[in-house]
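Beneath this line is the structure, given in structure tokens, with notes to follow.
Quick note: numbers below take in every heavy atom, side chains included, and nothing from hydrogens, waters or symmetry partners.
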Amino acid sequence: MSAEPNKPLSSPIVIAHRGASGERPEHTLAAYDLAIREGADVIEPDLVPTRDGYLVARHENEISGTTDVAAHPEFADRKTTKTIDGQQETGWFTEDFTLAELKTLRARERLPQLRSTAYDGQFQIPTLDEIITLAKQRSKETGRTIAIYPETKHPTYFASIGKGTDAPLVAALDKAGWKTADAPVFIQSFEVNNLKHLKTMTGIRLIQLVAGEGGPADDAAPSYGAMMTPAGLEQVATYAWGIGPDKAMLWNGDAPTTLVADAHRARLRVHPWTYRAENYFVRPAFRRGADPKAHGDVAGEIRAALGQGIDGFFTDFPQIGVDTRNAVVRAR
């Protein structure tokens with residue numbers, strides 16, 4: 001994981017999306033550790049702040065869908081409604097809890113209609129520091145470098161309430177000794193201005209996330225689509241090392257788009273998201289039957305993307321991702 005900024009990686013990296021989140025509740029140490037045991041190169045924590053300034057791993061700062069907070073009567077009065085990135089949300093928010101209070105909660109499966117709830121109630125919300133410790137410890141134990149891929153969630157919103165995440169993230173990475181482009185870290189964001197800000201603070205590789213619709217919440221570009229044109233990609237390359245596009249952006253029907261080639265011409269790496277095994281998530285051509293919970297041919301979907309020359313990919317099922325990546329690399 002110590003590639004130079006513009007040196008191609010010899011093998012596409014497998015990024016465990018929120019850990020092995022297809023098999024354990026997402027963003028838990030158990031999910032991250034399982035992903036490492038399954039051979040993932042990278043583990044991905046989405047980061048949100050606590051009231052007392054810690055960064056913790058949750059997909060969103062609203063946590064009623066990923067924890068048992070609603071079952072805690074002592075926190076009933078914390079339920080509230082907020083507007084985040086223009087969307088009104090009702091629930092419980094990490095920025096209204098201390099770390100100690102969050103540690104009394106337990107994680108639960110975010111997609112119970114599709115995935116097992118057998119591990120609900122067993123695991124705590126981890127901090128960024130705990131995730132860094134895990135990655136370093138397991139790197140030492142396995143002899144493999146386990147990288148981390150933190151996402152800054154809603155950076156403009158958090159800055160607006162005095163809980164900006166850029167500085168504490170960089171401080172934690174600096175403390176870990178991770179400051180340069182050869183560190184086992186990628187920082188990602190759906191926004192633009194915080195990535196540009198981070199570029200002034202650290203040498204860590206930065207990834208511009210893009211969705212198939214809409215645009216950055218900080219209004220730094222008219223749309224994600226405009227950012228993914230050849231001219232837009234050249235602009236992204238002035239501050240980012242790579243892009244993380246919605247996997248659908250690689251295809252126009254069954255035909256490849258030019259996104260991967262265009263990004264590579266702009267000297268950007270490409271890490272699409274997210275490859276999930278369930279029929280509900282795989283592209284129609286890779287579904288097996290009509291049951292949305294049944295597993296489709298996600299390996300085939302990953303192979304098709306690897307055939308376009310992607311540099312890595314996010315998956316909820318690291319074992320499938322690793323096995324597929326390895327088979328493709330061996331066949332080259």
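- A donor-acceptor contact closer than 3.5 angstrom is absent between the side chains of Gln319 and Glu23.
- Side-chain atoms of Thr324 do not come within 3.5 Å of backbone N or O of Gly321 as any donor-acceptor pair.
- Nearest heavy-atom pair across Leu268 and Gly242 is CD2-N, 3.8 Å.
- For OH of Tyr280, the number of neighbouring non-hydrogen atoms (other residues, nucleotides, ligands) closer than 6.0 Å is 12 at most.
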Check your understanding: Step by step, would you call Trp273 with Phe190 a ring pair (Phe, Tyr, Trp, His ring centres under 6.0 Å)?
Key -> CA-CA 13 Å; Trp273 52 269; Phe190 277 104; 5.8 Å; yes

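- Pairs engaging residues 219-230 under the side-chain hydrogen bond (donor to acceptor under 3.5 Å, both in side chains) rule: none recorded [sequence neighbours left out].
- Among Asp46, Asn194, Asp166, the one residue that satisfies the side-chain hydrogen bond (donor to acceptor under 3.5 Å, both in side chains) test with Thr152 is Asn194.
- For the pair Ile63 and Leu102, the tightest heavy-atom approach, listed with the atom from each and the gap, is CD1-CD2, 3.8 Å.
- Looking only at atom types and distance, the side chain of His59 has a donor-acceptor partner in the side chain of Arg18 under 3.5 Å away.
- The main-chain N or O of Gln124 is never found under 3.5 Å from a side-chain atom of Lys103 such that the two would form a donor-acceptor pair.
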Review point. Where do Glu62 and Ser64 land on the side-chain hydrogen bond (donor to acceptor under 3.5 Å, both in side chains) test, with the steps shown first?
Key: CA-CA 6 Å; Glu62 200 291 294; Ser64 62; 2.9 Å; yes

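- Of the possible donor and acceptor atoms, one in the side chain of Asp311 sits under 3.5 Å from a partner among the backbone N and O of Val270.
- Although no hydrogens or angles enter the test, the distance criterion places no donor-acceptor pair under 3.5 Å between the side chain of Arg287 and the main chain of Gly296.
- Not counting sequence neighbours, the partners of Asn61 by the side-chain hydrogen bond (donor to acceptor under 3.5 Å, both in side chains) test are Glu95.
- In this structure, the side-chain contact (heavy atoms from CB on, under 4.5 Å) partners of Arg115, at least two apart in sequence or on a different chain, are Ser21, Glu109, Leu111, Arg276, Glu278, Phe281, Asp316, Phe317.
- Note on residues 93-152: pairs passing ring pair (Phe, Tyr, Trp, His ring centres under 6.0 Å), not counting sequence neighbours, are Phe75-Phe97, Tyr149-Phe186, Tyr149-His271, Tyr149-Phe314.
- Of the possible donor and acceptor atoms, none in the side chain of Thr165 sits under 3.5 Å from a partner among the backbone N and O of Pro155.
- Partners of Asn279 under the side-chain hydrogen bond (donor to acceptor under 3.5 Å, both in side chains) rule, at least two apart in sequence or in another chain, do not exist in this structure.
- Side-chain atoms of Asp218 come within 3.5 Å of backbone atoms of Asn193 as a donor-acceptor pair (strictly under, hydrogens ignored).
- The backbone N or O of Arg51 lies less than 3.5 Å from a partner atom in the side chain of Lys163, making a donor-acceptor pair.
- Between Met227 and Pro216 the shortest heavy-atom distance is SD-CG, 4.0 Å.
- Among residue pairs with one or both ends in residues 132-141, those qualifying as side-chain hydrogen bond (donor to acceptor under 3.5 Å, both in side chains) are Asp33-Arg138, Gln137-Glu141, Arg138-Glu141; sequence neighbours excluded.
- Salt bridge annotation for Lys82-Asp96: present, with a cationic side-chain nitrogen under 4.0 angstrom from a carboxylate oxygen.
- Using a 3.5 Å distance cut-off with no hydrogens or angles, the side chains of Thr127 and Asp129 do not pair a donor with an acceptor.
- A distance-only check finds no donor-acceptor pair linking the side chain of Thr258 to the backbone of Ala261 [under 3.5 Å].
- Closest non-hydrogen pair, Tyr239 versus Leu206, comes out as O-CD1, 3.5 Å.
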**Study point:** Steps toward side-chain hydrogen bond (donor to acceptor under 3.5 Å, both in side chains) verdict (His17, Glu26)
**Key:** CA-CA 8 Å; His17 184 244; Glu26 65 185 31; over 6 Å; no

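- Side-chain contact annotation: Arg58 with Thr66, donor-acceptor N/O pair under 3.5 Å present.
- Other residues, nucleotides and ligands contribute only 12 or fewer heavy atoms inside 6.0 Å of the CG atom of Asn252.
- Between the side chain of Arg325 and the backbone N or O of Pro12 there is at least one donor-acceptor pair closer than 3.5 Å.
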